[in-house]
Amino acid sequence: MASLFRDLSLGHSKRESPPLKPPLKPQQLSIMPPKPTITTADLDSPLGQLATQLTDPDLRSTAYEIFVAVCRTSSGKPLTYTPNPSNPDSTTNHSNHSPNSPALQRSLTSAAASKMKKALGLKSPGSGSKKSPGSGSSSGSGQGKVRRALTVGELMRAQMRVSETVDSRIRRALLRIAAGQVGRRIESVVLPLELLQQLKLSDFTDQQEYEVWQKRTMKVLEAGLLLHPHVPLDRSNPTSQRLRQIIQGAMDRPIETGKNNESMQVLRSAVMSLASRSDGSLSEICHWADGIPLNLRLYEMLLQACFDVNDETSVIDEIDELMEHIKKTWTILGMNQMLHNLCFTWVLFHRFVATGQAETDLLDAADGQLAEVARDAKTTKDPQYSKILSSTLSSILGWAEKRLLAYHDTFDSRNVETMQGIVSLGVSAAKILVEDISNEYRRKRKGEVDVVRTRIDTYIRSSLRTAFAQRMEKADSSRRASKNQPNPLPVLAILAKDVGELAVNEKQVFSPILKRWHPFSAGVAVATLHACYGNEIKQFISGIAELTPDAVQVLRAADKLEKDLVQIAVEDSVDSDDGGKAIIREMPPYEAEAAIADLVKAWIKARLDRLKEWVDRNLQQEVWNPQANQEGYAPSAVEVLRIIDETLDAYFQLPIPMHPVLLPDLMTGLDRCLQYYATKAKSGCGSRNTYVPTMPALTRCTMESKFAWKKKEKSANSQKRNSQVATMNGDNSFGVPQLCVRINTLHRIRSELDVLEKRIITHLRNSESAHAEDFSNGLAKKFELTPAACIEGVQALSEAVAYKIVFHDLSHVFWDGLYVGEPSSSRIEPFIQEVERNLLIISNIIHERVRPRVVTDIMRASFDGFLLVLLAGGPSRAFMCQDSQIIEDDFKSLKDLFWANGDGLPTDLIDKFSTTVRSILPLFRTDTESLIERYRRVTLETYGSSAKSKLPLPPTSGQWNPTDPNTLLRMLCYRNDEAASRYLKKTYNLPKKL
């Protein structure tokens with residue numbers, strides 16, 4: 001980076017004067033950086049525009065004339081001037097000056113570092129930096145001659161691009177003025193007027209040069225006295241009208257400026273009249289160059305001379321001495337320290353901008369000078385100063401904000417240092433504008449407004465909104481460019497990735513800079529990006545109708561982006577008073593995961609609804625045909641299991657981040673569908689109570705009536721039982737083979753659940769979103785309702801098969817035939833044969849795993865029926881003691897059927913279910929008197945003293961037991977014995993028939 005100031009080499013106390021613009025040697029051409037281009041198209045001067053056509057060179061010439069005039073008279077001594085006619089342009093024509101010459105001729109030194117440079121915080125340049133026109137030594141013509149030191153006046157002439165000829169002409173004129181007005185101070189003289197009188201055509205190269213100079217001088221008078229006077233001018237003032245006419249005439253043809261010339265006397269009269277007007281203060285000062293903005297523009301030209309003419313980015317090393325002389329123009333220009341600080345701030349800033357913003361030293365110097373301006377602004381209420389201050393700061397702030405409101409377009413990691421200076425300058429200007437100029441701010445309590453933080457907040461939000469809009473356009477373009485490629489990314493997914501990168505770049509590059517003025521700049525940045533993307537994602541979510549790969553991709557990208565942004569905000573706000581809560585409140589959740597979850601739940605519901613409809617439809621059509629397949633289960637079960645498997649596969653193929661989270665919803669739904677299937681599969685198949693006949697009322701028995709009742713009782717029992725199962729006789733789907741298919745089906749579903757659960761575990765292991773705890777939580781991946789429903793269904797169907805066979809299908813040989821009439825002639829063998837035939841049919845259909853269950857239930861139903869025949873068979877059955885052996889032999893045959901010589905049910909299982917029958921059979925051997933006595937004792941024990949007067953009729957419990965009063969009573973009811981009949985007649989008056 002080129003340095004702003006160039007220090008003198010140590011050991012040199014004097015400077016030699018080189019030519020104004022020395023030719024560059026070839027080696028210099030190769031190392032000297034290119035001269036920056038002045039570009040200020042977007043930066044208008046805030047010091048004001050002149051109402052006359054005075055160009056910058058015109059103003060520069062006038063400013064130089066004022067500078068030479070004030071410096072020539074600053075010591076109060078006459079200026080000794082000896083021209084060298086042989087070389088009018090030479091800079092060596094002052095060789096015989098006295099050491100006591102005025103300040104203009106004082107030699108420049110560089111023994112000490114610049115105080116101003118230190119004050120502005122400027123760095124010293126390297127040894128290889130370029131030298132200003134008055135610095136260093138020069139070989140000159142190569143003859144080794146030591147040349148004399150350069151003076152302030154010569155330095156200023158070179159800096160303001162004034163030729164020796166023009167300089168000599170000005171000095172001659174000043175000598176003549178001094179000779180003619182001895183004792184008068186320069187500020188009491190209207191310099192342009194005096195120059196007009198003292199300089200003649202002969203002082204110029206030609207007529208054209210003279211006329212151009214005269215017109216420029218007249219324009220200066222016009223600007224200072226008519227257009228921009230120090231004291232406001234009444235347009236009807238006759239003197240001003242007269243001067244205006246003179247100036248207008250001079251624009252057409254030159255005026256005669258001789259001392260005794262009438263036109264010159266008229267001009268002098270008008271000028272002096274207007275210049276002598278004051279604002280009420282007693283002073284001899286002539287006001288011709290101290291009106292705003294003329295004085296500011298002239299002073300601006302003087303301050304610009306502080307910059308090296310050969311390197312616009314550098315301030316000369318001799319700025320302290322030069323500035324000391326520039327300040328001597330304050331009296332004529334009506335300047336003061338406050339205006340100087342403001343103008344110098346603008347000049348430094350303007351030069352930084354005009355030279356391509358390459359030198360941050362200039363920016364830092366302007367920022368430092370602005371601190372002086374801030375102090376000035378708090379100490380004055382001068383309306384004119386406030387107006388200029390407001391204009392200048394507004395111009396600086398406007399330029400800065402043009403870049404800061406979209407700083408992503410202006411800065412990057414390569415030039416972020418420049419951004420720091422611009423931000424500092426901008427917020428300083430804004431703070432002065434608001435706190436020291438704004439009336440609205442003064443009306444409020446200052447504690448309510450944090451100007452700097454508010455401004456930085458605005459820059460961050462504005463720039464990131466702009467950057468977001470650009471990224472959105474870019475994402476849209478990328479989408480269009482890739483539309484012909486397979487699986488192109490959705491726009492919002494691309495945008496989410498770009499916004500994430502933008503946030504990271506903001507945190508790494510810009511936030512460290514902005515944190516100086518806003519402690520939570522990164523938080524504000526990500527909150528802004530969060531809001532920008534949030535507007536888009538919310539519209540997207542509101543328009544999603546179903547779960548699609550694109551929708552999931554966008555929502556997942558949004559969720560990742562949000563987590564990244566929140567993380568940055570939390571890290572940035574860790575030291576804040578509220579722990580970052582304020583920033584987080586600015587970031588309402590996208591609810592992207594919730595949106596995905598809602599879509600997945602809708603997907604699950606749609607799948608489950610279709611499955612439920614399918615189950616209903618197919619169960620209605622299912623015929624439970626044993627020949628439908630080799631395995632003997634329903635085709636509808638195969639299909640429902642296939643659909644569930646496909647549903648699980650489809651679920652785990654969904655590109656979502658929460659398979660384990662939503663799996664319980666799917667599992668619950670599938671579980672209920674299978675439970676529904678199991679429940680429907682067993683419904684309507686009957687139960688034990690459906691097939692077991694109702695026990696008839698108690699009667700007493702006699703031999704005479706037993707055979708007479710046999711045919712009538714059989715008919716009544718059949719009619720009653722048949723009415724209970726009439727609904728099943730006409731439906732072939734409830735036959736024993738069909739019930740067996742139902743059992744097989746439920747068993748198949750139950751066994752397939754383990755396969756499905758293992759497959760779910762495999763899916764979870766392959767899922768990117770699964771965690772260790774997802775495998776430890778077994779409930780989430782298990783069927784909970786279906787296993788119980790299947791077990792219950794198999795139990796109910798097995799019982800239905802058993803009791804249907806015993807009490808319905810074989811009723812003709814069992815309930816309607818066994819022991820009806822004479823026990824010896826109606827024994828159990830026909831029933832055993834029929835049961836055996838049914839067992840063969842069942843064994844060919846039923847699955848081997850559930851076959852023992854069904855056979856056991858048939859055995860249990862047979863044993864229950866056997867006891868029911870003995871104890872509740874109705875009046876058609878009666879037994880004597882000698883029948884007990886027949887009964888015992890029949891029951892043994894029945895047990896042997898199920899034992900099957902060791903190939904059937906286990907002995908212990910048979911013994912378990914035959915316990916009740918075996919406990920009852922000894923009662924058939926017991927004589928009547930003993931039975932009566934046992935009945936009386938047990939009843940008294942059961943009912944206590946209340947039974948002594950009359951034995952109560954014990955209710956039927958259905959739980960047969962040799963110590964149960966009702967069981968003993970039934971033994972007496974079915975005892976073919978006169979004593980039993982009399983006892984029942986006497987005790988309970990039981991009838992002999994129903």
Side-chain angles (χ1 to χ4, degrees), residues 626 630-632 688 691-692 735-741 743-744 747 794-795 797-820 823-871 873 879 882-925 960 962:
Q630 293 181 352
E631 290 82 2
R688 178 185 183 279
Y691 298 104
V692 173
V736 169
Q738 286 73 28
L739 293 177
C740 290
V741 172
I743 292 173
N744 285 347
H747 172 72
V794 168
Q795 291 173 347
L797 289 168
S798 178
E799 184 180 81
V801 167
Y803 284 88
K804 178 176 172 32
I805 290 173
V806 172
F807 289 99
H808 181 266
D809 294 356
L810 303 184
S811 62
H812 59 289
V813 293
F814 186 65
W815 182 253
D816 295 340
L818 181 63
Y819 303 143
V820 172
S824 59
S825 61
S826 53
R827 296 184 65 174
I828 203 169
E829 186 60 32
F831 173 69
I832 290 175
Q833 292 175 358
E834 290 296 324
V835 170
E836 187 173 15
R837 183 179 64 82
N838 276 273
L839 288 175
L840 288 173
I841 294 172
I842 289 171
S843 65
N844 290 329
I845 299 174
I846 210 80
H847 192 278
E848 61 181 5
R849 294 291 298 274
V850 291
R851 191 180 302 151
R853 169 84 200 202
V854 177
V855 174
T856 300
D857 280 341
I858 293 174
M859 179 183 70
R860 181 162 62 89
S862 300
F863 291 174
D864 286 352
F866 190 73
L867 279 177
L868 202 63
V869 166
L870 295 177
L871 298 175
F879 305 98
Q882 56 264 38
D883 294 331
S884 63
Q885 189 61 48
I886 294 173
I887 295 170
E888 290 175 6
D889 292 344
D890 283 353
F891 185 65
K892 182 178 182 303
S893 299
L894 186 59
K895 289 194 297 179
D896 290 344
L897 169 67
F898 294 103
W899 181 60
N901 297 319
D903 295 332
L905 297 175
T907 304
D908 57 349
L909 187 65
I910 295 173
D911 289 343
K912 174 185 174 182
F913 283 100
S914 65
T915 300
T916 303
V917 180
R918 286 187 286 110
S919 68
I920 298 298
L921 289 183
L923 295 178
F924 285 91
R925 293 179 176 275
W960 311 129

Rounded at 0.5 Å granularity, tell me how far OG in Ser825 sits from OH in Tyr819.
11.5 Å
Between the CD1 atom in Ile743 and the CD atom in Gln795, the distance rounded to the nearest 0.5 Å is 11.0 Å
Run Leu870 and Phe924 through side chain to side chain contact (heavy atoms under 4.5 Å, CB included) and show every step you take.
CA-CA 10 Å; Leu870 295 177; Phe924 285 91; 3.7 Å; yes
Got Val917 and Trp960 here, is their nearest side-chain heavy-atom distance under 4.5 Å?
no
Any Lys/Arg nitrogen of Asp889 or Lys892 sitting under 4.0 Å from an Asp/Glu carboxylate oxygen of the other?
no
Can you give me the closest heavy-atom contact between Pro737 and Pro626, atom names plus distance?
CB-CG, 3.7 Å
Using the salt bridge (Lys or Arg N to Asp or Glu O under 4.0 Å) rule, take Glu848 and Arg851 through it: C-alpha gap first, then chi angles, then the decisive distance, then the call.
CA-CA 5 Å; Glu848 61 181 5; Arg851 191 180 302 151; 5.3 Å; no
Answer yes or no: is there a side-chain heavy-atom contact under 4.5 Å between Ser914 and Phe891?
yes
Could you tell me the separation between the CG atom of Asp896 and the CD1 atom of Ile832, rounded to the nearest 0.5 Å?
8.0 Å
How long is the span from the CG atom in Leu797 to the CD atom in Gln738, to the nearest 0.5 Å?
12.0 Å
Worked check of side chain to side chain contact (heavy atoms under 4.5 Å, CB included) between Val855 and Ile842
CA-CA 9 Å; Val855 174; Ile842 289 171; 5.5 Å; no
OH of Tyr691 to CG of Asp809: how many Å apart, nearest 0.5 Å?
8.0 Å
How far apart are the closest heavy atoms of Arg827 and Leu818, and which atoms are they?
C-CD1, 3.5 Å
Side chain to side chain contact (heavy atoms under 4.5 Å, CB included) assessment of His808 paired with Phe814:
CA-CA 9 Å; His808 181 266; Phe814 186 65; over 6 Å; no
His847 vs His747 aromatic rings, parallel, tilted or perpendicular, using cut-offs 30° and 60°?
tilted
Arg918 CZ: over 12 foreign heavy atoms closer than 6.0 Å:
yes
Write down the atom of Glu799, the atom of Asp857, and the distance for their closest heavy-atom approach.
N-OD2, 3.5 Å
Tell me the closest heavy-atom pair linking Pro823 and Ile886, and the distance in Å.
O-CG2, 4.4 Å
When rounded to the nearest 0.5 angstrom, what distance separates CZ in Arg860 from CD1 in Ile910?
15.0 Å
Where do Leu905 and Pro852 come nearest, in terms of heavy atoms and distance?
CD2-O, 4.1 Å
For Tyr803 and Val692, what are the C-alpha separation, side-chain angles and deciding distance, and is it a side chain to side chain contact (heavy atoms under 4.5 Å, CB included)?
CA-CA 7 Å; Tyr803 284 88; Val692 173; 3.5 Å; yes
Is there a side-chain contact between Phe831 and Leu894, using heavy atoms and a 4.5 Å cut-off?
yes
Do you know which two heavy atoms are closest between Phe898 and Met859, and how far apart they sit?
CZ-CA, 3.4 Å
Any side-chain heavy-atom pair from Ile841 and Val736 closer than 4.5 angstrom?
no
Within the 4.5 Å heavy-atom criterion, are Arg688 and Phe807 side-chain neighbours or not?
no
